[in-house]
Every structure is written in structure tokens, then in C-alpha cells.
Amino acid sequence: MPVTRGHGNPDWTRDETILALDLLYRFGKPLDRRHDAVAELSNLLRHSQLHPPEKRTETFRNADGVALKLQNLFSAVEPGRGLTYSKTDFEVVADFPRSGAGKLAEIARTLRTSLEMVDPRLPTVDPSSATMRFVEGRWLTIRHRQRDARLRRRLLTRAKGTALRCEMCDFTPPEFDLPVRESFFEAHHRTPLAEAERERETKVSDMALLCACCHRLIHRLIACQKQWIGVEDARSYLKSAL
């Protein structure tokens, strides 16, 4: 049996459990921790932002943990095998029995895409005040957090009144056409969306407009230090390094 030593790691969310159950249904049985599919799911979850870095240990969602989760889910699918399973395991299996594996696979594909996606395609919306609120944290599968892509559009709309500028490095794009200039920028949550247990309201003022390089840098700093870093702190770090 895999040894996880996972004490101190956050519980598996519904979304993570759905991805594990999809893996179990695809192969029909629990997989060894050395299986390529186990390593792939482990890598996806370890690089996701479903849980804040400071709440993870070095064993967070490692291959042993994923393999053990598959065994627990197998016990939920076919009770009486001796392993325990969580309430979330039971609920997910109840919602998606083997007969619903096709539907589960579609949802799992959506989840994987959302976890891998850096900058989703944006809808066109009308300009609005920076105090307009958007409901975020709505789950694709009851509890999957979706970042409201309209927030980036609102940030860009607000910036048109002055100039497009990265709030970390002060980068301003060359005088290309507006859509090209806007493509340099991404929206960054000033506080981690992952801390929202369910839905939360987010104002445009809760967001920062960062160039793509700085957006990746701040998340790399967060991952390395295993704690949330504010935009101003990251800005100071960047200036001191230059």
C-alpha cells in the first residue's frame, strides 16, 4: 500500500476527487504510484492553485497520495474492500456511478482544461465602475472555482482612461493596435481566490493588472516561498533584484 505521510495537507476537494475517479473509471482499477497516468494527475494537482501554497507540505498530492486516493475511491465504488473513504469520495461516487462514466469524463476534461489554462478567452462586455462586483468561486462541478474572465476586461477598460501599465514593473506596451497592447496583460487577484471556500464577491479594485511576465513571476515567488505575496511586496522584490 502506498505510504503518503500526507498529514498536514488539505483534504481532497470535490474537483480533485472527480479527476481521480475519472482516472479510476478509465483504467477500471486502482493504479500503482509508478503508473504514468498517476504521475500526470499528481503533476497537475501539485501545480494547480486549488490550495494556497502555505497549506501544503512537500508531499502534497504526490504519486503515493494519488495512488491511495484511487484505492479509497475503489472501495467507495465497490464497498467491502477494507479501505476507508471520505464523505466527499462517497458523494462523488454517488453522483457519478460507473454508468455515468461518460458524463464524468466530460466534466473531468473541463476541469483539467481550467487548471491548465493561464488566460481564458475573454467575452466582450460594456465598461463599468471599478466597484462593480462579480461572483467568483462558483464551481464547475458544484464546487469548482471559476475566475470570472470579465474582471480582466474591466481592468483593461479602466486602464484606457490613463494608460496600460503593469502594476509591478511599470511596463507599458509599444503603440500597437489596442487589442495587441491589451494582450500583454493579465488579471491577478490581490488575495488568493483559493481561500474562498465557496463563492465570493470580487471587485475590480481587488484585482491587479500585470504584464504576463510579472504575473508568472509573482506566482513563482508564491510557489517557492509557500505563502501569499502581495503585489507591492513583489514589486519591491523585483526592484531590489534589478
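Quick caveat, the model's predicted, so the values are computed rather than measured.
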Hey, are T57 and N9 close enough side-chain-wise for a donor-acceptor pair under 3.5 Å?
yes
With hydrophobic residues grouped by side-chain heavy-atom distances under 4.5 Å, do F96 and Y85 end up in a single group?
no
With heavy-atom distances below 4.5 Å as the criterion, would you say the side chains of L21 and V77 are in contact?
yes
Looking only at heavy atoms, the pair that brings F171 and P174 closest together is CZ-CD, 4.4 Å
Could you tell me whether the side chain of S86 reaches within less than 4.5 Å of the side chain of N72, counting heavy atoms only?
no
Determine whether I18 and L111 make a side-chain contact, defined as any pair of heavy atoms from C-beta on separated by less than 4.5 Å.
yes
Kindly write out the residues that satisfy side-chain hydrogen bond (donor to acceptor under 3.5 Å, both in side chains) with D32, not counting sequence neighbours, or none if the list is empty.
R34
Heavy-atom closest pair, residues R33 and A63
O-CB, 3.5 Å
Heavy-atom closest contact (L19 atom, A108 atom, distance):
CD2-O, 3.6 Å
Spell out, as yes or no, whether a donor-acceptor pair under 3.5 Å connects the side chain of R98 to the backbone of Y25.
no
I want to check something: taking the side chain as every heavy atom from C-beta on, are L178 and L164 in contact at a cut-off of under 4.5 Å?
yes
Are a donor atom and an acceptor atom from the side chains of S236 and D233 found within less than 3.5 Å of each other?
no
Do you reckon F60 sits in the same ILVMFWY cluster as L44, going by side-chain contacts under 4.5 Å, direct or chained?
no
Could you check whether atom CZ of F184 has more than 12 heavy atoms from other residues, nucleotides or ligands sitting under 6.0 Å from it?
yes
Is the W228 to H188 ring centre distance short of 6.0 Å?
yes
Specify the closest pair of heavy atoms between A20 and L41, including all atoms of both residues, with the distance to one decimal.
CA-CD2, 3.9 Å
Side-chain heavy atoms of L73 within contact of W12, under 4.5 Å:
no
Using atom types as modelled and distance alone, determine if a side-chain donor or acceptor of N62 lies under 3.5 Å from a backbone N or O of G65.
yes
Would you say T13 and E16 are linked by a side-chain donor-acceptor pair, where the criterion is simply a distance under 3.5 Å?
yes
same_hphob_cluster(L50, V66) at 4.5 Å side-chain heavy-atom cutoff
yes
Between E167 and R190, does any NZ, NE, NH1 or NH2 come within less than 4.0 Å of an OD or OE carboxylate oxygen?
yes
If we ignore hydrogens and angles and just use 3.5 Å, is the side chain of S42 paired with the main-chain N or O of V38 as donor and acceptor?
no
Any donor-acceptor pair under 3.5 Å linking the side chain of R181 with the backbone of P173?
no
Using salt bridge (Lys or Arg N to Asp or Glu O under 4.0 Å) as the criterion, list what pairs up with D22, not counting sequence neighbours.
R26, R112
Mind checking whether F185 and H215 have ring centres under 6.0 Å apart?
no
Between M168, E186, R165, which is the residue that forms a side chain to side chain contact (heavy atoms under 4.5 Å, CB included) with L210?
M168
Strictly below 4.0 Å, N to O, side chains only: are E182 and R152 in salt-bridge contact?
no
Identify which one of H47, R46, E40 satisfies the side-chain hydrogen bond (donor to acceptor under 3.5 Å, both in side chains) criterion when paired with N43.
H47
Heavy atoms of C166 and C211 approach each other most closely as SG-N, 3.3 Å
Residue pair H35, F27: steps toward the side chain to side chain contact (heavy atoms under 4.5 Å, CB included) verdict:
CA-CA 11 Å; H35 196 285; F27 288 89; 3.6 Å; yes
One should read off an interatomic distance between S75 OG and L70 CG, to the nearest 0.5 angstrom, of 11.0 Å
State yes or no: do I229 and Y237 share one hydrophobic cluster built from I, L, V, M, F, W and Y residues joined by side-chain heavy-atom distances below 4.5 Å, directly or via other members?
yes
For S48 and R56 the tightest heavy-atom approach is O-NH2, 2.6 Å
Would you sort out whether R61 and K69 count as a side chain to side chain contact (heavy atoms under 4.5 Å, CB included), showing the intermediate values?
CA-CA 10 Å; R61 304 301 183 258; K69 172 56 68 172; over 6 Å; no
Ionic contact status for R14 with D89, cut-off 4.0 Å:
no
